Amino acid sequence: MNPRGTLRFVLGDQLSLAMSSLRDIDPENDVVLMAEVWDECTYVRHHPKKIAFLFSAMRHFADELRKLGFTVDYRRLDAPDNKGGFRAELLAAIERHRPARIVVTEPGEWRVLEDMKGWSEFCGCPVDIRVDDRFFATREDFSRWAEGRRELRMEYFYRDLRRRTGLLMEPDRKPAGDRWNFDKENRKRLPDSAVPPQPPRFTPDRITRQVIDLVGGRFGDHFGDLEPFWFAVTRRDAEAALSHFLEHALPHFGDYQDAMKEGETTLYHSVIGLYLNCGLLDPRDVCRRAEAEYHAGRAPLNAVEGFVRQILGWREYVRGLYWREMPGYAETNHFGAARPLPGFYWTGETDLNCLRQCIAQTKEGAYAHHIQRLMVTGNFALLAGLAPKEVCEWYLIVYADAYEWVELPNTHGMALFADGGILGSKPYAASGKYIDRMSDYCRNCRYDVKASTGPDACPFNYLYWNFLTEHRAKLKDNRRMSLIYNALDRMDRRKVENMRAEAKRFLDAL
Ligand SMILES: Cc1cc2nc3c(=O)[nH]c(=O)nc-3n(C[C@H](O)[C@H](O)[C@H](O)COP(=O)(O)OP(=O)(O)OC[C@H]3O[C@@H](n4cnc5c(N)ncnc54)[C@H](O)[C@@H]3O)c2cc1C
Ligand code: SF4
């Protein structure tokens, strides 16, 4: 490298040619550094499928850069002199290339950004940390929006972004269909006769096979099945997965967004979170393409709005919240929950069928859709008072799309209400009745979803009422909880006591 050149460090979830770190690249003088490092695979013991996905996608991206004429210094995990961590790899790369400066795009995790701020001093070389502008809103946009607000509700941030981007907006600045939100239409139970489309499965190529062997050898003892491996690992295949979703699943995405069915892991969901989060897909492009399906009359508004809301609304909102509230957010524990994560979260061996199904598919595919994460594994964690840190670590480990900036607010804020209401206006707590309404899990369960006491009673039922009783002091003044507390107060006292006793027995045995 020319000593005036720049070392451009591209992290594993920054696999886009549009990264700010690559923007002014000089192919003659600059070197792109990419590194597979042990520390990032093991600071939590990620699902092997997630590691294989990222390593393979990184290797394919490095090849793409080389084909475009850039010099890439790619550090494989199994290279004998691999240093195992970002700092050591960077130092070694400086020795090799003697750059005048380092350019990097800010990472998605607070932990890594804090470390990155010390790189310049550590390496004795200027480090330019650039904004990650793959999002609709910058971190500053969110802070400005949040400033002075009493409540930070996603809905209002989302509406602002709809107005700013023009997505699903009429020329008179009204929302398409004259409504911002079609959620009420998006809670249908899946009919038994429905046959949801399967996402396309990509056969591993030579590079992916090499990575699978490597990951199997090094991380085979982590939770989760490495094979079958069928994720897209290139932009082209990720685009194909998106196109398949838009054509076959988007039209029903809204209707069955909250539905769950035994043996059907993805239903009408897109399974693109992993591609968006590592840069293979661009959220702006995804939303525009979904909007085009609505305008072309191929997908109804409740489906397209519901889908766009997830990306333009929730995804942007949780990112803004994460950066605004860190590092304190990771410590939140509103209910003082302290019970260790039960072993069945790692084995799936439980007789609660809903949990068994969701955990088994997570282990196999590193995927569960939103309602499975929120209303089954998350709901159980909330009702059983599982320690937020342990729950959070589980979610970060088990899903192929998991990165702290998106996972932490969803876990601490949405699933556990550990943040005391920064993200949500009330806990997403529910009894077995909700799971029965939205799935067929209860049909094949040894418990009776209609019973709240007795040996066959569905544990979600007594845990739910027990949770409400236990946290009455913290929840009773929440207006959105008043109906539920009225129902609790009208309940026969003996029944409530019996449910509490069942809950204690169940929790003591966990
Ligand atoms: C406890 C918990 C943990 C979660 N952890 C993660 C995580 O680590 N990474 C992650 O990307 N999502 C996470 N989510 C959000 C959501 O469940 C996943 O994004 C979604 O299930 C991914 O599947 P999909 O691509 O098929 O999404 P679809 O249902 O098809 O939705 C489309 C896209 O919208 C975005 N999206 C949807 N819901 C959310 C949300 N609540 N927050 C942010 N983006 C959203 C995702 O990018 C997703 O790919 C979590 C949710 C919960 C309740
Ligand atoms: S009966 Fe209860 S435990 Fe069994 S599947 Fe239904 S909700 Fe889950």
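Both counts, for ligands and for their atoms, begin at 1 and track the order of listing. From a predicted model like this one, the values you see are computed outputs, not experimental measurements. All values below were derived from every heavy atom in this structure, side-chain atoms included, with hydrogens, water molecules and symmetry-related copies excluded.
Heavy-atom contacts of Phe307 reach the following atoms of ligand 1: 32 (C) (cutoff under 4.0 Å). If you number the atoms of ligand 1 from 1 as listed, the ones under 4.0 Å from a heavy atom of Val406 come out as 7 (C), 9 (N), 10 (C), 11 (O), 12 (N), 43 (C). Close contacts between ligand 1 and Ala368 involve ligand atoms 21 (O) [criterion: under 4.0 Å to a heavy atom]. Residue His369 has at least one heavy-atom neighbour below 4.0 Å for each of these atoms of ligand 1: 21 (O). Residue-ligand proximity, Ser270 to ligand 1, at heavy-atom distances under 4.0 Å covers atoms 24 (P), 25 (O), 26 (O), 27 (O), 28 (P), 30 (O), 32 (C). Which parts of ligand 1 touch Leu276 is read off a 4.0 Å heavy-atom cut-off, strictly below it: atoms 47 (O). Close contacts between ligand 1 and Val271 involve ligand atoms 24 (P), 25 (O), 26 (O) [criterion: under 4.0 Å to a heavy atom].
For atom 29 (O) of ligand 1, the nearest non-hydrogen atom of the protein is His269 ND1, 2.7 Å. Protein heavy atom at the shortest distance from atom 9 (N) of ligand 1 is Asp401 O, 2.9 Å. Counting only heavy atoms of the protein, atom 33 (C) of ligand 1 lies nearest to Ile311 CG1, 3.6 Å.
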Exercise for review: Determine, step by step, whether Phe253 and His269 satisfy the side chain to side chain contact (heavy atoms under 4.5 Å, CB included) criterion, reporting the C-alpha distance in whole Å, the side-chain angles of both residues, the deciding distance to 0.1 Å, and the verdict.
Suggested key: CA-CA 6 Å; Phe253 175 88; His269 291 268; 3.8 Å; yes

Exercise for review: For Leu341 and Val391, run side chain to side chain contact (heavy atoms under 4.5 Å, CB included): C-alpha distance rounded to whole Å, both residues' side-chain angles, the deciding distance at 0.1 Å, then the answer.
Suggested key: CA-CA 7 Å; Leu341 194 80; Val391 178; 4.2 Å; yes

Check your understanding: Stepwise, does the salt bridge (Lys or Arg N to Asp or Glu O under 4.0 Å) test hold for Arg111 with Asp115?
Key -> CA-CA 7 Å; Arg111 166 187 69 90; Asp115 187 55; over 6 Å; no

Practice item. In sequence, state the C-alpha distance, the side-chain angles, and the governing distance for Met481 and Leu468, and then conclude on side chain to side chain contact (heavy atoms under 4.5 Å, CB included). Key: CA-CA 9 Å; Met481 302 293 287; Leu468 291 175; 3.6 Å; yes

Review point. Are Tyr462 and Lys495 close enough, and set up right, to give a side chain to side chain contact (heavy atoms under 4.5 Å, CB included), and what steps lead you there?
Key: CA-CA 10 Å; Tyr462 49 72; Lys495 183 174 175 189; over 6 Å; no

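Heavy-atom contacts from other residues, nucleotides or ligands closer than 6.0 Å to CZ of Arg153 number more than 12. No more than 12 heavy-atom neighbours from other residues, nucleotides or ligands sit within 6.0 angstrom of NZ on Lys450.
Among the atoms of Tyr395, none of the N or O lies under 3.5 angstrom from an N or O of ligand 1. The distance criterion of under 3.5 Å between nitrogen or oxygen atoms is met by Gly273 with respect to ligand 1. Any N or O atom pair closer than 3.5 Å counts here, and Met414 shares no such pair with ligand 1. Between Asn410 and ligand 1, at least one pair of N/O atoms sits closer than 3.5 Å. Considering both main-chain and side-chain atoms, Thr411 never comes within under 3.5 Å of ligand 1 through any nitrogen or oxygen pair.
The shortest separation from a heavy atom of Phe245 to ligand 1 is not under 4.0 Å, leaving the residue out of contact. At least one heavy atom of Tyr403 lies less than 4.0 angstrom from ligand 1. At least one heavy atom of Tyr367 sits under 4.0 Å from some atom of ligand 1. Heavy atoms of Pro409 stay at 4.0 angstrom or farther from ligand 1.
Comparing Arg373, Gln257, Arg315 by heavy-atom distance to atom 13 (C) of ligand 1, the nearest is Arg373. With Met154, Arg309, Gln310 as candidates, the residue nearest to atom 38 (N) of ligand 1 on a non-hydrogen basis is Gln310. Residue nearest to atom 8 (O) of ligand 1, selected from Pro199, Ala241, Ala402: Ala402 (by heavy-atom distance). With His412, Arg319, His370, Glu407 as candidates, the residue nearest to atom 21 (O) of ligand 1 on a non-hydrogen basis is His370.
Checked for salt-bridge contact, Arg356 and Asp351 miss the test: no charged N lies under 4.0 Å from a carboxylate O. The pair Arg319-Glu106 meets the salt-bridge criterion, with a side-chain N (NZ, NE, NH1 or NH2) lying under 4.0 Å from an Asp/Glu carboxylate O. Using a 4.0 Å cut-off between charged nitrogen and carboxylate oxygen, Arg500 and Glu470 count as a salt-bridge pair.
With a 4.5 Å cut-off on side-chain heavy atoms, Tyr464 and Lys433 do not count as touching. Between Gln361 and His369, the closest side-chain pair of non-hydrogen atoms is not below 4.5 Å.
Asn379 and Ala430 make their closest contact through ND2-O, 2.9 Å (heavy atoms, listed as atom of the first residue, atom of the second, distance). Heavy-atom minimum distance, His412 versus Tyr329: ND1-O, 3.4 Å.
With a 4.0 Å heavy-atom cut-off, ligand 1 is reached by no atom of Leu396.
Listed by chain and number, the protein atoms of type N/O/S under 2.8 Å from atom 2 (Fe) of ligand 2 are Cys458 SG; waters are omitted.
Rounded to the nearest 0.5 Å, atoms CH2 (Trp314) and CG (Leu321) are 9.5 Å apart. The structure places OG1 of Thr362 at 5.0 Å from CH2 of Trp394, a figure rounded to the nearest 0.5 Å.
Under 3.5 Å, the side chains of Asn353 and Glu262 contain a donor-acceptor pair of N or O atoms.
With a 6.0 Å cutoff to the six-membered ring centre and a 45° limit on the axis angle, Arg149 does not count as a cation-pi contact of Phe157.
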